[in-house]
There are 2 protein chains.
Amino acid sequence: MARKTGSHSEITGPRVRAAALALFARHGFAAVSMRQIAAEVGVQAGALYLYTPDKQTLLFDLMRTHMDDVLTAWAATPKAPTPRARLDCFARFHIRFHLDRPEAVFVSYMELRNLDAANFATIEGLRRTYETELEAILQEGKASGAFSLSDTKLATLAFIAMLTGPTNWFREGGRLSRAEIEDIYAQMVLNAAGA
Amino acid sequence: MARKTGSHSEITGPRVRAAALALFARHGFAAVSMRQIAAEVGVQAGALYLYTPDKQTLLFDLMRTHMDDVLTAWAATPKAPTPRARLDCFARFHIRFHLDRPEAVFVSYMELRNLDAANFATIEGLRRTYETELEAILQEGKASGAFSLSDTKLATLAFIAMLTGPTNWFREGGRLSRAEIEDIYAQMVLNAAGA
DNA sequence: GAGTGATCTGAACGGACGTTCAGTTCAAGG
DNA sequence: CCTTGAACTGAACGTCCGTTCAGATCACTC
């Protein structure tokens with residue numbers, strides 16, 4: 001037994017990443033073995049090394065892909081005319097986007113400490129870039145008098161922490177729909193900004 | 001070589017817990033070995049089992065102790081007269097208390113998935129109890145018209161996520177003091193509640 | 001239909017893991 | 001000063017870890 005019928009690199013590669021993401025999210029990077037990932041894919045552990053040079057890089061690639069996806073999706077979102085509308089738009093974008101990929105969000109936040117120094121710096125840079133997008137909105141609103149905020153840097157961190165929360169508890173078919181959560185959180189953020 | 005001069009159960013026990021807490025916070029439960037904890041304490045791995053039945057219980061005890069501490073400290077905080085003052089008080093308490101023990105906060109949040117079912121249920125129950133304290137304040141304020149909130153459950157989760165944020169980035173001697181952070185966050189929470 | 005290369009197996013590598021335990025050491029009580 | 005037992009060592013247990021690699025298999029090309 002070796003090569004299975006119909007197996008291709010373009011199929012197995014994504015399946016490896018999907019299995020790794022799901023397992024890392026559920027049990028944590030350090031608690032998941034390459035053999036578990038392989039079993040999930042239906043392959044022997046050695047075969048994983050056709051798709052990643054090592055376990056650490058597998059984690060890093062998942063996180064970098066996620067961060068790239070966030071930034072790309074936000075860049076493709078039309079810019080609203082006023083700071084208030086832009087903040088509302090950002091809040092709704094953030095919740096919607098993150099609710100669609102809870103595993104990637106969870107891993108990208110929880111497993112930062114398992115990255116080596118160079119990989120950590122890369123991911124941290126991307127995160128900073130995203131935060132800066134929000135802070136720019138807050139600064140504009142503060143300058144124009146649309147928001148009343150004593151510290152835009154703190155508000156940035158506070159809003160992102162708040163808006164990421166639903167990712168940890170949202171379940172399809174729960175008490176509230178995505179749209180309702182989006183509405184409520186957007187309203188709380190606007191309130192908190194003094195808009 | 002065995003028993004070192006001046007070593008006692010009352011000294012080594014706390015040192016084991018302190019070393020475990022610090023290492024779990026930095027590297028994660030699954031990534032830390034009993035031998036690393038022992039080395040930090042200055043003891044052989046086998047000696048740890050005089051102070052904990054196993055690694056999982058060591059983690060659980062750290063988390064339960066932390067949750068008990070939170071609830072005890074909050075219970076000892078005087079109740080303010082109005083919902084608005086109580087929310088302000090809760091926000092300041094939460095930030096102050098959590099900024100004083102960032103490692104315990106980090107571990108208690110990040111390592112939930114490494115608890116077995118029974119231990120998880122216990123910790124989750126304590127967490128729920130704490131959240132209920134905040135939600136009660138929000139409900140009173142909503143009922144009295146002091147707050148304008150569409151959903152007190154969501155607001156509870158959102159505020160706790162927001163208020164716990166500083167634990168992850170606060171550094172002594174940074175740009176802002178504890179008191180300043182406390183002021184800013186308390187204000188943002190009151191705004192978000194529509195107070 | 002032979003040959004080639006991408007894909008995967010299965011076994012092995014040295015090392016680290018959590019946990020146990022017989023034996024050693026030493027502070028303290030009589 | 002002798003005994004006792006709490007505190008700890010050091011070695012061992014079986015198991016699993018990440019990673020490597022020679023060899024097997026099979027889809028494809030010519």
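Everything numeric in this text was worked out from a predicted model, so none of it was measured. Protein chains get the first letters and strands the later ones, always in sequence-line order, with residue 1 at the start of each.
- We find that CG of A:N114 is positioned 12 Å from P of D:dG18, with the value rounded to whole Å.
- Residue pairs meeting the side-chain hydrogen bond (donor to acceptor under 3.5 Å, both in side chains) criterion with at least one partner in residues 71-84 of chain A, sequence neighbours excluded, are A:W74-A:E133.
- B:Y185 is linked by a ring-ring contact (aromatic ring centres under 6.0 Å, His included) to nothing, counting only residues two or more places apart in sequence or in another chain.
- Between the CD atom of B:Q44 and the P atom of C:dT19 there is a distance of 17 Å, rounded to whole Å.
- The A:L50 side chain lies nearest to C:dT7 when the options are C:dT7, D:dT19, C:dT9.
- Residues of residues 14-24 of chain A that place a heavy atom closer than 4.0 Å to DNA chain D do not occur.
- A:R86 meets the salt bridge (charged side-chain N to carboxylate O under 4.0 Å, His left out) test with A:E140; sequence neighbours excluded.
- If you measure from atom CD of B:Q56 to atom P of C:dT19, you get 9 Å, rounded to the nearest angstrom.
- Phosphate contact (OP1/OP2 of C:dC8, side-chain N/O of A:T12, threshold under 4.0 Å): present.
- Side-chain contact check for B:Y109 and A:N168: at least one donor-acceptor pair (N or O, by modelled atom type) lies under 3.5 Å.
- Both B:L48 and A:D54 lie close to DNA chain D; mapped to their nearest nucleotides by heavy-atom distance, the more 5′-ward contact belongs to B:L48.
- Residues satisfying the ring-ring contact (aromatic ring centres under 6.0 Å, His included) test with B:F97, not counting sequence neighbours, are B:F93.
- For residues 46-55 of chain B, the set of pairs meeting the salt bridge (Lys or Arg N to Asp or Glu O under 4.0 Å) definition, not counting sequence neighbours, is empty.
- Note: CD1 (A:I11) to C1' (D:dC26) measures 15 Å, nearest angstrom.
- Side-chain N/O atoms of B:Y49 include none lying less than 4.0 angstrom from OP1 or OP2 on D:dA7.
- Within the structure, salt bridge (Lys or Arg N to Asp or Glu O under 4.0 Å) pairs that include any residue of residues 179-195 of chain A comprise A:R92-A:E182, A:R92-A:D183, A:R96-A:E182 (at least two apart or interchain).
- Within the structure, the salt bridge (Lys or Arg N to Asp or Glu O under 4.0 Å) test picks out the following pairs touching residues 160-174 of chain A (sequence neighbours left out): A:E172-A:R178.
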Table of protein N/O atoms under 3.5 Å from nucleotides 15-17 of chain C N/O atoms:
unit_1	atom_1	unit_2	atom_2	d
C:dC17	OP1	B:S33	OG	3.2

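- Of the two residues contacting DNA chain D, namely B:Y51 and A:G46, the nearest-nucleotide position lying further toward the 5' end is that of B:Y51.
- Of the candidates D:dC8, C:dC8, D:dT19, C:dC8 carries the atom nearest the A:A47 side chain, counting heavy atoms from C-beta on.
- Of the N and O atoms on the side chains of B:H94 and B:Y130, at least one donor lies less than 3.5 Å from an acceptor on the other residue.
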